[in-house]
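Notes for the one structure printed next.
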Amino acid sequence: MRAIILIKWALVSLLSLTSCFAQASVPQRIVSLSLCTDQLLLMLAPRQHIVSLTRGAVDPDLSYMAAEANGFLLTGGNIEEVLPLNPDLIVGSAFASRDAVHFLRQLGYPVKLIGLPVSIAEIRDLLLAFGEWVGSPERAEQVVRKMDWQLANLNPQQDRVKKTALIYSSNGYTIGSGTLENVMLNAAGFHNLAVDMGVVGFEQITLERVVAAQPAFLFIENHIDNSDSLASQYVNHPVLDKMLLSKQREFIPSRLRACAGPMVVEAINYLSENHHDSKP
């Protein structure tokens, strides 16, 4: 009988230690260094495990999760602000300062960096990986399943002939293949003329090429506050108003495309609504 009791006690102790170890391995004090990791934390991590976000997290024009970000400590993502918070996980973007990341790792802080997804599959992978980092794999799987279901039920009127489109932004940049923007355009029922031009990623094109392309939809991006700046002169040029075959529209709002995530569904819907509102 005593042997049975000892065995039971040993099993209970083992299970307790296993549970404690699993809990200890889940980050309890997570600090974000970028807008995109702010949003992923708010989607996937328990609120009590988030120590700080960046100031952009509460900007409704930039952040998809602005309402959820209220109440958190906000920082500029600087080392001086991060170190006193004693984080057990630091998450940021691949565009973070390499010197800062190296310094933090040298001090022993675990730092995880996210990349820039250029496809739906990469968004899915990002969500699942991030869920593992923050100890919420089940939550990440739920978000991915919901996103996949929503994407499967989109109705971008694929039976219609795709309308041609072109994105045009400050300094004359357009967006071509190898980008999430191109994926979203296609999913919403558009044909991106920048791909026909051979544009890969982000590339400057002349105003003459825009006029010659004659897109059915010209999506304008203008994030320049100074309308008199040289950069904004590209998108504010009067010749764009005279393109009879084009229809100028604001491109996807920044809050839907500044970062990759399940908000891609809403971004595609936004574009698709423009497509449906158009006349043949």
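Predicted model only: the values in this text are computed from it and were never measured. Values below: all heavy atoms of this structure, side chains included; hydrogens, waters and symmetry mates excluded.
- Leu83 has its side chain within reach of Leu107: a pair of non-hydrogen atoms, C-beta onward, lies under 4.5 Å apart.
- Using a distance-only test at 3.5 Å, with no hydrogens or angles considered, a donor-acceptor pair links the side chain of Gln39 to the main chain of Tyr64.
- Between Thr54 and Ser32, the shortest heavy-atom contact is CG2-O, 3.6 Å.
- In this structure, the side chain of Asp38 does not engage the main chain of Leu53 through any donor-acceptor pair within 3.5 Å.
- The two atoms that bring Phe251 and Tyr270 nearest to each other are O-CE2, 3.8 Å, heavy atoms only.
- Residues Leu154 and Ser272 have side chains not in contact (no heavy-atom distance under 4.5 Å, counting atoms from C-beta outward).
- In this structure, Lys162 and Asn186 have side chains that are in contact, with non-hydrogen atoms separated by less than 4.5 Å.
- In this structure, Leu40 is a member of the same hydrophobic cluster as Leu74, with clusters built from ILVMFWY side-chain heavy atoms closer than 4.5 Å.
- Taken to the nearest 0.5 Å, the CG atom of Asp125 stands 13.0 Å off from the CD1 atom of Ile114.
- When side chains are defined from C-beta on, Glu81 does not count as touching Val31, because their heavy atoms never get closer than 4.5 Å.
- Looking at heavy atoms from C-beta onward, Thr75 lies out of side-chain contact with Leu33 at the 4.5 angstrom threshold.
- Follow the hydrophobic side-chain contacts under 4.5 Å out from Val91 and you never reach Val111; the two are in separate clusters.
- Here the side chain of Asp88 pairs a donor or acceptor atom with the backbone of Arg29 at under 3.5 angstrom.
- Here Arg255 pairs with Glu266 in a salt bridge; the nearest charged N to carboxylate O distance falls below 4.0 Å.
- Here Met184 contributes atom CE and Ile175 contributes atom CD1; the two are 8.0 Å apart, rounded to the nearest 0.5 Å.
- Although no hydrogens or angles enter the test, the distance criterion places no donor-acceptor pair under 3.5 Å between the side chain of His49 and the main chain of Ile30.
- Side-chain contact between Ile268 and Leu151 is present, with heavy atoms from C-beta onward closer than 4.5 Å.
- For the atom pair CD1 (Ile167) and CG (Leu193), the distance works out to 10.5 Å, reported to the nearest 0.5 Å.
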>> With side-chain contact (heavy atoms from CB on, under 4.5 Å) as the criterion, how do Arg105 and Val101 come out once you've worked through the C-alpha distance, each side chain's angles and the decisive distance to 0.1 Å?
In response: CA-CA 6 Å; Arg105 285 174 172 164; Val101 170; 3.6 Å; yes

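- With hydrogens and angles ignored, the 3.5 Å screen pairs no side-chain donor or acceptor of Ser63 with any backbone N or O of Val58.
- Counting heavy atoms from C-beta on, the side chains of Asp61 and Ser254 never come closer than 4.5 Å.
- Sorted pairs that involve residues 76-115 and meet ring-ring contact (aromatic ring centres under 6.0 Å, His included), not counting sequence neighbours, are lacking altogether.
- Side-chain atoms of Phe219 and Leu185, non-hydrogen and from C-beta on, do get closer than 4.5 Å to each other.
- For Gly201 against Thr179, the heavy-atom pair with the smallest separation is CA-CG2, 3.6 Å.
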Return a table of donor-acceptor pairs under 3.5 angstrom between the side chains of residues 136-145 and protein atoms on other chains or two or more places apart.
| from | atom 1 | to | atom 2 | distance (Å) |
| --- | --- | --- | --- | --- |
| Ser136 | OG | Leu44 | O | 3.0 |
| Arg139 | NE | Met43 | O | 3.1 |

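- The CD1 atom of Ile90 sits 9.0 Å away from the CG atom of Leu85 when rounded to the nearest 0.5 Å.
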>> Apply side-chain contact (heavy atoms from CB on, under 4.5 Å) to residues Tyr173 and Gln204 and explain how you reach the verdict.
In response: CA-CA 4 Å; Tyr173 277 89; Gln204 261 186 322; 3.5 Å; yes

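- A continuous path of Ile, Leu, Val, Met, Phe, Trp and Tyr side chains, each step under 4.5 Å between heavy atoms, connects Leu218 with Met197, placing both in one hydrophobic cluster.
- Atoms CG and SG, from Leu41 and Cys36 in turn, are 11.5 Å apart once rounded to the nearest 0.5 Å.
- There is no path of hydrophobic side-chain contacts, each under 4.5 Å, that joins Leu35 to Leu113.
- Met65 and Val51 sit in two unconnected hydrophobic clusters of ILVMFWY residues. Membership requires side-chain heavy atoms under 4.5 Å apart, directly or through other members.
- Nearest heavy-atom pair across Met147 and Pro262 is SD-CA, 3.8 Å.
- Note that the CG atom of Leu166 and the CD1 atom of Ile205 stand 5.0 Å from one another [nearest 0.5 Å].
- The backbone N or O of Ala194 sits less than 3.5 Å from a side-chain atom of Asn192, completing a donor-acceptor pair.
- In this structure, the ring-ring contact (aromatic ring centres under 6.0 Å, His included) partners of Phe130, at least two apart in sequence or on a different chain, are Trp133.
- With hydrogens and angles disregarded, a donor-acceptor distance shorter than 3.5 Å links the side chain of Gln28 to the backbone of Val26.
- Heavy-atom minimum distance, Ala66 versus Pro60: CB-CA, 3.8 Å.
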> Are Ile123 and Leu180 close enough, and set up right, to give a side-chain contact (heavy atoms from CB on, under 4.5 Å), and what steps lead you there?
Replying inline: CA-CA 9 Å; Ile123 291 177; Leu180 190 58; 3.9 Å; yes

